[in-house]
Q: 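Attaching a single structure in structure tokens format; questions to follow.
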Amino acid sequence: MAPPVSALDTELNPPQADAVAHTTGPLLVFAGAGSGKTRVITYRIANLVACARVPPHRILAVTFTNKAAGEMQNRLGRLLGEDLARDLWVGTFHATSARLLRRHGEALGLPRNFVIYDTDDQKAVVNRTLRALDLDEKRYPPRVCLAAIHKAKQELRGPDDMNVRDPWLVTIFRTYEEQLRTANAVDFEDLIGLMVTLLEQNPAGAGDALRRRFDYLLVDEFQDTNAAQYRFLKAFVRDHRNLCVVGDDDQSIYRWRGADVRNIRGFKHDFPDAHVVKLEQNYRSTGRIVRAALGVIERSHERVPKELWTANAEGAPIDIVATRDERDEAAHVLSTIQEARARGVDPKEIAVFYRVHAQSRVLEEALRSANVPYQIVGGTKFYERAEIKNALSYLRVLTNPASDIDVLRIINTPARGIGATSVERLAAFADRAHVSLMEALARIAEPRAGAATARTADLGAAAAGRLASFHALMDQLARRVANMPPSDLLGEVLERSGYLTALRAEDTAESEARLENLAELKSSLYDYEQEAVAAGEEVSLEGYLERVSLQSDVDGMKDGSRVTLMTVHGAKGLEFELVVLTGMEQDMFPYRGMNPGGDHELEEERRLAYVAITRARSRLVITHAETRQIFGTTRLGGPSPFLAQMPADAVTQKATAARGASSLGRFMTHDDGAGHGYAPWRHPQAPSPTPQPLPGERYVDQEFFHDGPGAADDTSGPALRRGARVVHAQFGEGEIKSVVESNEPAVVVAFPGRGEKKILARFLTLVGGGP
DNA sequence: AGCTGGCGGGTTTTT
DNA sequence: CCCGCCAGCT
């Protein structure tokens with residue numbers, strides 16, 4: 001066995017060096033939060049390549065997100081040089097599987113041009129299935145059906161061995177599978193499941209071929225793998241057993257998605273000879289933050305015992321701030337951020353966390369009106385917008401005409417007179433003939449026999465004509481796929497389909513936004529082409545579509561100098577100088593949706609809180625609100641029980657002025673003047689506490705929350721006012737003429753030489769910064 | 001055929 | 001509160 005790279009050795013503590021030096025056989029690394037996990041993985045790979053002389057293309061590293069994969073590849077580029085690093089296989093389970101299935105999937109009858117159906121597509125398939133089976137979608141809600149299907153597939157179960165009582169669900173599952181297969185489509189679970197089939201059943205020797213590809217496998221965030229993924233790994237390393245898994249059972253937060261923390265806790269059972277390393281020294285956070293995190297996680301039973309510690313300074317106390325409601329909370333978040341910025345903290349080193357996306361809106365409004373640059377990770381995703389999905393459906397049909405779901409999306413988009421009745425008749429005809437919708441269209445569009453076919457399908461001459469011209473359009477476009485780069489093809493698609501014309505004719509702020517989004521889509525295709533060329537990969541429409549399907553929220557995170565707003569789930573694996581953790585209330589965190597919730601769920605919430613706390617390097621501010629408007633109703637939750645579990649000497653209890661005032665208004669009958677003579681703010685769980693306003697605590701700009709004159713239609717906040725100068729990516733600089741009411745903040749801007757245009761606020765940048 | 005408005009239902013986290 | 005679905009209207 002080769003010794004570790006000596007130059008790296010000095011930068012590693014003993015357990016880290018131990019893990020890096022290990023080469024042959026199974027290795028289990030428990031990596032506590034902030035314990036230098038990524039460093040260990042990258043150095044271990046570097047060690048394998050540089051010392052053990054393993055060719056890079058024979059190493060597969062699996063990460064949780066594409067972004068993490070990219071970062072790992074970058075770091076390895078710096079350690080090993082770009083040439084070697086490029087040959088490494090680094091990617092998510094899904095991206096890696098997709099890539100391998102393109103090459104080996106044919107052994108299972110999966111064509112190379114398969115498409116990946118996202119949740120939306122899957123739901124459409126279930127809806128279609130329900131209609132075909134004539135089932136009431138009230139009794140069989142698509143969401144519920146899909147959840148049952150996913151659960152089964154995550155455990156590698158098929159319709160015959162799924163654990164459900166209702167036989168209809170089995171039928172729905174079976175039909176769903178049939179639809180995917182005939183559409184040459186796979187869902188996320190198939191990507192893993194089909195790989196397992198290849199590896200375990202070895203059709204046409206494909207499993208052996210796959211196994212021979214890699215000598216070493218490394219898996220990050222192993223605590224969040226599911227049963228199928230674990231079986232994938234075991235099948236892959238069957239012959240050499242060179243499997244290194246890295247994770248932290250305390251950070252397992254994806255149980256709801258099928259992740260099974262027993263994979264890491266029971267790893268020793270499957271690999272009794274595994275070398276086990278524990279990384280317990282935290283290099284990231286202050287002493288107080290580490291102790292607060294430990295206070296929460298130590299209440300957990302079931303966990304593998306670990307001693308997380310840090311040699312770092314104690315640092316500032318963690319602020320636990322009681323606020324009146326979510327708006328007061330947002331104001332406090334804002335002032336915390338402003339204060340940090342004033343101290344010179346880069347906005348990109350600041351993050352605001354929440355449990356559920358629904359909490360983000362108020363926070364976003366506060367930041368926007370104060371002109372704080374920010375980005376929201378997750379929520380309504382770019383690729384889920386209707387116009388983007390439509391455009392992508394055109395592209396997908398061009399690569400894979402069998403994908404009926406995509407055909408249904410675009411057949412009458414833009415409106416071309418093909419109504420529901422025509423589509424239904426077409427679908428019925430396709431069904432009888434056992435062909436895809438595109439194939440059915442081709443038959444109807446045939447110059448001679450077409451007319452008779454149309455009659456068979458019960459389609460009138462006019463309808464048949466419109467269907468034929470749709471087919472002609474797609475046929476024409478399909479001929480161009482091979483002849484032009486994908487970004488140009490998109491342009492062709494949008495022009496020739498009439499989609500752009502239709503949107504331009506609409507001429508609303510919304511249609512304008514859709515056009516902008518489509519332009520952005522085109523540039524994302526262009527970016528892909530550039531990157532693929534740079535990485536020496538083949539540029540193909542399929543390649544782009546695959547990337548889009550497998551993109552995650554955090555992948556879209558930009559590196560700009562902006563504050564990040566995200567859910568705690570999204571924050572896994574990241575770290576920030578300052579973290580503001582909001583909504584730490586009973587029922588919000590731990591979150592209770594509508595289900596009663598058992599022990600296991602509380603355990604997962606606890607781990608989630610642990611993840612949230614340990615993202616912070618030097619400063620952590622935690623807020624909770626007395627009342628919270630969410631989903632249209634007001635929630636009243638006391639402080640989260642997790643707060644009481646943080647050591648008293650690690651935290652400082654505070655309250656906003658508004659919180660103090662609200663208690664006064666609500667509980668006192670006499671006017672005593674705010675902030676005087678109240679019982680001290682004792683314990684977060686004390687009943688009806690009366691907080692004492694912190695001396696000197698005040699608000700930046702509390703005023704804007706109380707609608708002033710004209711505030712009602714000025715939804716964009718004070719920043720975008722009449723007369724303000726703004727910059728637009730395409731039209732350049734202009735002046736705001738008026739603020740218009742819309743779903744989204746929008747304004748009319750006069751651009752010199754280009755006239756006035758309605759533009760959504762999010763496409764504009766203010767000139768000159770602050771108001 | 002396509003639009004609009006009313007209604008009811010669901011609202012976690014996401015590769 | 002927001003969305004999607006349906007029915008009824010143009």
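Within every chain, numbering begins at 1; the chains are lettered A, B, ... in the order of the sequence lines, protein sequences first and strands thereafter.
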Q: First locate atom CG of A:Asp190, then atom NE2 of A:His94, and finally report the distance between them rounded to the nearest 0.5 Å.
A: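 With rounding to 0.5 Å, CG (A:Asp190) is 10.0 Å from NE2 (A:His94).
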Q: List in chain and number order the residues that pass side chain to side chain contact (heavy atoms under 4.5 Å, CB included) with A:Thr634, two or more places apart in sequence or in another chain; answer none if no residue qualifies.
A: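 Scan of A:Thr634 (side chain to side chain contact (heavy atoms under 4.5 Å, CB included), adjacent residues dropped) gives A:Thr627, A:Gln629.
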Q: Can you check whether A:Arg143 has a side-chain N or O nearer than 4.0 Å to OP1 or OP2 of B:dT11?
A: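 True: A:Arg143 side-chain N/O within range (under 4.0 Å) of B:dT11 OP1/OP2.
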Q: Whole-Å distance between B:dT13 P and A:Arg607 CZ?
A: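 About 18 Å, once rounded to whole Å.
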Q: Classify the side chain of A:Trp256 and the base of B:dT12 as holding, or not holding, a donor-acceptor pair under 3.5 Å.
A: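 By the distance-only test, no, there is no pair.
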Q: Could you give the CD-to-P distance, from A:Glu603 to B:dT13, as a whole number of Å?
A: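 Atom-to-atom, A:Glu603 to B:dT13, this comes out as 22 Å.
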Q: What is the separation between atom CD1 on A:Ile192 and atom C1' on B:dT14, rounded to the nearest whole Å?
A: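 Result: 14 Å.
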Q: When you compare the protein's N or O atoms with those of nucleotides 1-5 of chain B, which come within less than 3.5 Å of each other, and at what distance?
A:
from	atom 1	to	atom 2	distance (Å)
B:dA1	OP2	A:Gly419	N	3.1
B:dG2	OP1	A:Gly417	N	3.4
B:dG2	OP2	A:Asn412	ND2	3.4

Q: Look at the side-chain N and O atoms of A:His357 and state whether any lies under 4.0 Å from the OP1 or OP2 oxygen of B:dT14.
A: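 Indeed, a polar side-chain atom of A:His357 lies that close.
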Q: What is the distance, rounded to the nearest whole Å, between atom CD of A:Gln154 and atom P of B:dT14?
A: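 Atom CD in A:Gln154 sits about 15 Å away from atom P in B:dT14.
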Q: Give me the ring orientation class for A:Tyr176 and A:Phe173: parallel if the planes are under 30° apart, tilted from 30 to 60°, perpendicular past 60°.
A: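 Aromatic pair A:Tyr176/A:Phe173 classed tilted.
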Q: When the distance from CZ of A:Arg255 to P of B:dT14 is rounded to whole Å, what number comes out?
A: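 Result: 18 Å.
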Q: Under a plain distance cut-off of 3.5 Å, with no hydrogens placed, do A:Glu364 and A:Tyr374 share a side-chain donor-acceptor pair?
A: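 Short answer, yes.
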Q: Sequence neighbours excluded, which residues qualify as side chain to side chain contact (heavy atoms under 4.5 Å, CB included) partners of A:Ala468?
A: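 Applying side chain to side chain contact (heavy atoms under 4.5 Å, CB included) to A:Ala468 gives A:Ala445.
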Q: The criterion is side chain to side chain contact (heavy atoms under 4.5 Å, CB included); which residues satisfy it with A:Arg131, sequence neighbours excluded?
A: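 If we apply the side chain to side chain contact (heavy atoms under 4.5 Å, CB included) test to A:Arg131, skipping adjacent residues, the hits are A:Glu424.
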Q: May I have the distance from A:His150 (atom NE2) to B:dT14 (atom P), rounded to whole angstrom?
A: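 Rounded to whole Å, this separation is 15 Å.
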Q: Give the rounded distance in Å between these two atoms: CZ of A:Phe222 and C1' of B:dT15.
A: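 Interatomic distance, CZ of A:Phe222 to C1' of B:dT15: 17 Å.
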Q: Regarding A:Arg257 and A:Asn226, do their side chains bring together a donor and an acceptor under 3.5 Å, going by distance alone?
A: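 The answer is no; no qualifying pair exists.
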Q: Quick one: is A:Arg361 getting a side-chain N or O under 4.0 Å of the C:dC2 phosphate, OP1 or OP2?
A: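 Answer is yes, contact under 4.0 Å.
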Q: Quick test: give all pairs of protein nitrogen or oxygen and nucleotides 3-9 of chain C nitrogen or oxygen below 3.5 Å, distance rounded to 0.1 Å.
A:
none

Q: May I ask you to check whether A:Ser403 and A:Tyr117 show a side-chain donor-acceptor distance below 3.5 Å?
A: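 A pair is found: one side chain offers a donor N or O, the other an acceptor, under 3.5 Å apart.
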Q: Tell me every residue that passes side-chain hydrogen bond (donor to acceptor under 3.5 Å, both in side chains) with A:Glu326, counting only those two or more places apart in sequence or in another chain.
A: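 With neighbours one apart ignored, the set is empty.
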Q: Please give, in whole Å, the distance from B:dT11 P to A:Met588 CE?
A: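 Answer to the nearest Å: 16 Å.
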Q: So, does A:Thr567 get its side chain near the phosphate of B:dT14, meaning an N or O under 4.0 Å from OP1 or OP2?
A: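 Answer yes for this pair, as a side-chain N or O of A:Thr567 is under 4.0 Å from OP1 or OP2.
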Q: Looking only at atom P, what distance separates B:dT13 and C:dG4, rounded to whole Å?
A: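 B:dT13 and C:dG4 have their P atoms separated by 16 Å.
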